[in-house]
J.: 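Sending over a structure as structure tokens; questions will come in a sec.
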Amino acid sequence: MAPERFTGERPGRGVEFAYDEARALAAYRYALTLARDRSLLDAGCGEGFGTVTLTTVARAVVGMDYSADAVAVCRRTWERPNLRFVQHDLTDLEAYPERFDLIVSFQVLEHLVDPRPFLTGLRAHLASGGRLLLTTPNRLTSFSENPYHVREYSAAELRELLAGVFGRVTILGMHGNAKVTAFDRARAQAVRRILRLDPLGIRRLLPARLVTFAFARLAVAVRRRVRRTGETERIVPEDFYVGEQDLDAAVDLIALCET
């Protein structure tokens, strides 16, 4: 089976996306602190390059994605004795039989028109005492128009949504160091230059297929321009950190939820 069509939305696509991959892996590095000897579900695992890192400490890991193509790539690429991948609709988990000590779901929530079935499904698949670790972009620091994102959240909005499903919700932020800040500033400037070419917002009237096609190409073009500054290749997961302070300035929001 051929790999998934390149969308520009998922990381792990070469040097231009080194920043995106580091940002994604930083969330998995944080998850490692919660995953030791646990049974774990990665809900929305994508191509699995983060999922496989969890096998170093977890007892058993299941990577789940709605995309059959992504799951096929994972099965070809990653083989560990405590790892398996399944294809399943994340918004319809009722029939899925397993429960887990820890569920992680990174950069999925923003894609959902109605996140409630997804969240209640995850809650139902937590074992007694289990926890959900979820990340999503911070609406207050997003600057690009991602056609795959239905809704992004502020920290307050995310807390309100999750509190309707989970008994205890802690909101943290994924922050970046000076290198990350410089990269984001340069990327925002490049995006604004492109958007100035469409002052009337005609892009919003175009067919969805054309918009997503253009998004994939522009995602590469923007990162390639920024990479000329030399920042992209030097950014690694260690350049990100998780903290409780200044949530409005975080690049991503992190929620730790308990039933």
J.: When Ile, Leu, Val, Met, Phe, Trp and Tyr are grouped by side-chain heavy atoms lying under 4.5 Å apart, directly or through other members, which residues fall in the same group as Val150?
T.: Val113
J.: Please check: side-chain N/O of Arg116 versus main-chain N/O of Gly164, any donor-acceptor pairing under 3.5 Å?
T.: yes
J.: Give a yes or no on whether the backbone of Ala58 and the side-chain of Asn82 come within a donor-acceptor separation of less than 3.5 Å.
T.: yes
J.: Going only through I, L, V, M, F, W and Y residues with side-chain contacts under 4.5 Å, is there a path from Leu109 to Ile103?
T.: yes
J.: Do you know the tightest heavy-atom contact between Gly173 and Leu247?
T.: N-CD2, 3.4 Å
J.: Check side-chain hydrogen bond (donor to acceptor under 3.5 Å, both in side chains) between Arg84 and all other residues, then give those that pass, not counting sequence neighbours.
T.: Glu98
J.: Looking at every non-hydrogen atom in both residues, tell me the closest pair between Val71 and Val86 and how far apart they are.
T.: CG2-O, 3.5 Å
J.: Hydrophobic cluster membership, with links at side-chain heavy-atom distances under 4.5 Å among I/L/V/M/F/W/Y: are Leu34 and Ile254 in one?
T.: yes
J.: Apply salt bridge (charged side-chain N to carboxylate O under 4.0 Å, His left out) to Arg168 and list each qualifying residue two or more places apart in sequence or on a separate chain.
T.: Glu258
J.: With a 4.5 Å heavy-atom cut-off, do Leu102 and Leu54 have their side chains touching?
T.: no
J.: Among Glu152, Glu110, His149, which one satisfies side-chain hydrogen bond (donor to acceptor under 3.5 Å, both in side chains) with Ser142?
T.: Glu152
J.: Quick one: name the residues clustered hydrophobically with Leu140, using the 4.5 Å side-chain heavy-atom rule over I, L, V, M, F, W, Y, and just say none if it's on its own.
T.: none
J.: In the structure I gave you, are the side-chain heavy atoms of Thr51 and Cys74 within less than 4.5 Å of one another anywhere?
T.: no
J.: Would you say that Val104 contacts Leu41 through its side chain, given a criterion of any heavy-atom pair below 4.5 Å between the two side chains?
T.: no
J.: Within the structure provided, determine whether Glu47 and Thr77 are in side-chain contact (heavy-atom separation under 4.5 Å).
T.: no
J.: Can you tell me how far apart OG1 (Thr55) and CG (Leu40) are? Round to the nearest 0.5 Å.
T.: 10.0 Å
J.: In plain terms, say whether Arg23 and Asp20 are close enough for a salt bridge, that is, a side-chain N and a carboxylate O under 4.0 Å apart.
T.: no
J.: Any chance you could lay out the side-chain contact (heavy atoms from CB on, under 4.5 Å) test for Val52 and Val61, step after step, and finish with the verdict?
T.: CA-CA 8 Å; Val52 71; Val61 178; over 6 Å; no
J.: For the residue pair Tyr19 and Asp184, confirm or rule out a side-chain donor-acceptor distance under 3.5 Å.
T.: yes
J.: Tell me if a side-chain donor or acceptor on Asn138 pairs with a main-chain N or O of Ala250 at a distance below 3.5 Å.
T.: yes
J.: Listed by chain and number, what are the salt bridge (charged side-chain N to carboxylate O under 4.0 Å, His left out) partners of Arg80, not counting sequence neighbours?
T.: none
J.: List for me each residue that meets ring-ring contact (aromatic ring centres under 6.0 Å, His included) alongside Phe100, sequence neighbours excluded, and say none if there are none.
T.: none
J.: Verify the cluster assignment for Met174 and Leu32: are they in a single hydrophobic cluster under the rule of side-chain heavy atoms below 4.5 Å apart?
T.: yes
J.: Will you find, in the side chains of Thr135 and Asp252, an N or O donor that is under 3.5 Å from an N or O acceptor?
T.: no
J.: Is the side chain of Trp78 donor-acceptor paired with the backbone N or O of Phe85 at a distance under 3.5 Å, no angle test?
T.: no
J.: So which heavy atom on Ser105 is nearest to which on Ala43, and how close?
T.: OG-O, 3.0 Å
J.: Suppose we screen for side-chain hydrogen bond (donor to acceptor under 3.5 Å, both in side chains). Which residues come up paired with Glu157, at least two apart in sequence or across chains?
T.: Arg139, Ser154
J.: With Tyr28, which residues qualify under ring-ring contact (aromatic ring centres under 6.0 Å, His included), at least two apart?
T.: Phe106
J.: Walk me through whether Tyr66 and His88 qualify under side-chain contact (heavy atoms from CB on, under 4.5 Å).
T.: CA-CA 5 Å; Tyr66 77 95; His88 198 90; over 6 Å; no
J.: Can you check side-chain contact (heavy atoms from CB on, under 4.5 Å) on Arg29 and Thr53, steps first, answer last?
T.: CA-CA 8 Å; Arg29 288 171 62 91; Thr53 67; over 6 Å; no
J.: Hey, does Phe143 have a side-chain heavy atom less than 4.5 Å from the side chain of Arg187?
T.: yes
J.: Please list, chain by chain and in numerical order, all residues satisfying salt bridge (charged side-chain N to carboxylate O under 4.0 Å, His left out) with Arg36, sequence neighbours excluded.
T.: none
J.: So which heavy atom on Gly46 is nearest to which on Asp65, and how close?
T.: N-OD2, 2.8 Å
J.: Quick one: does any side-chain atom of Asp69 pair with a main-chain N or O of Ala72 as donor and acceptor, under 3.5 Å?
T.: no
J.: Are Leu162 and Val165 close enough that some pair of their side-chain heavy atoms sits under 4.5 Å apart?
T.: no
J.: With a 3.5 Å distance limit and no angle check, can you tell me whether Lys179 reaches the backbone of Arg234 through a side-chain donor-acceptor pair?
T.: yes
J.: What residues, two or more places apart in sequence or in another chain, satisfy side-chain hydrogen bond (donor to acceptor under 3.5 Å, both in side chains) together with Arg99?
T.: none
J.: Would you kindly confirm whether Phe166 and Leu158 end up in one hydrophobic cluster when ILVMFWY residues are joined by side chain heavy atoms under 4.5 Å apart?
T.: yes
J.: Would you say Leu172 ends up clustered with Tyr153 if hydrophobic residues are merged whenever their side chains have heavy atoms under 4.5 Å apart, either directly or through other cluster members?
T.: no
J.: Compare all side-chain heavy atoms of Thr91 with those of Leu112 and state whether any distance is below 4.5 angstrom.
T.: yes
J.: Report the residues that fulfil side-chain hydrogen bond (donor to acceptor under 3.5 Å, both in side chains) with Arg75, sequence neighbours left out, ordered by chain and then residue number.
T.: none
J.: Backbone N or O of Ser67 within a donor-acceptor pair of the Gln87 side chain at under 3.5 Å?
T.: no
J.: Tell me, with the steps shown, if Val169 and Leu256 meet side-chain contact (heavy atoms from CB on, under 4.5 Å).
T.: CA-CA 6 Å; Val169 177; Leu256 185 60; over 6 Å; no
J.: Tell me the closest heavy-atom pair linking Leu25 and Pro237, and the distance in Å.
T.: CB-CG, 3.8 Å
J.: For Ile171 and Ala255, which heavy atoms make the closest approach, and how far apart are they?
T.: CD1-CB, 3.8 Å
J.: Please output the side-chain donor-acceptor pairs of residues 124-134 that fall under 3.5 Å, not counting sequence neighbours, one pair per line with the distance.
T.:
from	atom 1	to	atom 2	distance (Å)
His125	ND1	Gly121	O	2.8
His125	NE2	Leu93	O	3.0
His125	NE2	Tyr96	O	2.7

J.: Quick check against the 3.5 Å criterion: does Asp101 have a side-chain atom that pairs as donor or acceptor with the backbone of Ser39?
T.: yes
J.: Taking Thr33 for its side chain and Tyr30 for its backbone only, find out whether a donor-acceptor pair lies under 3.5 Å.
T.: yes
J.: With a 4.5 Å limit on heavy-atom distance, are the side chains of Phe49 and Glu21 in contact?
T.: yes
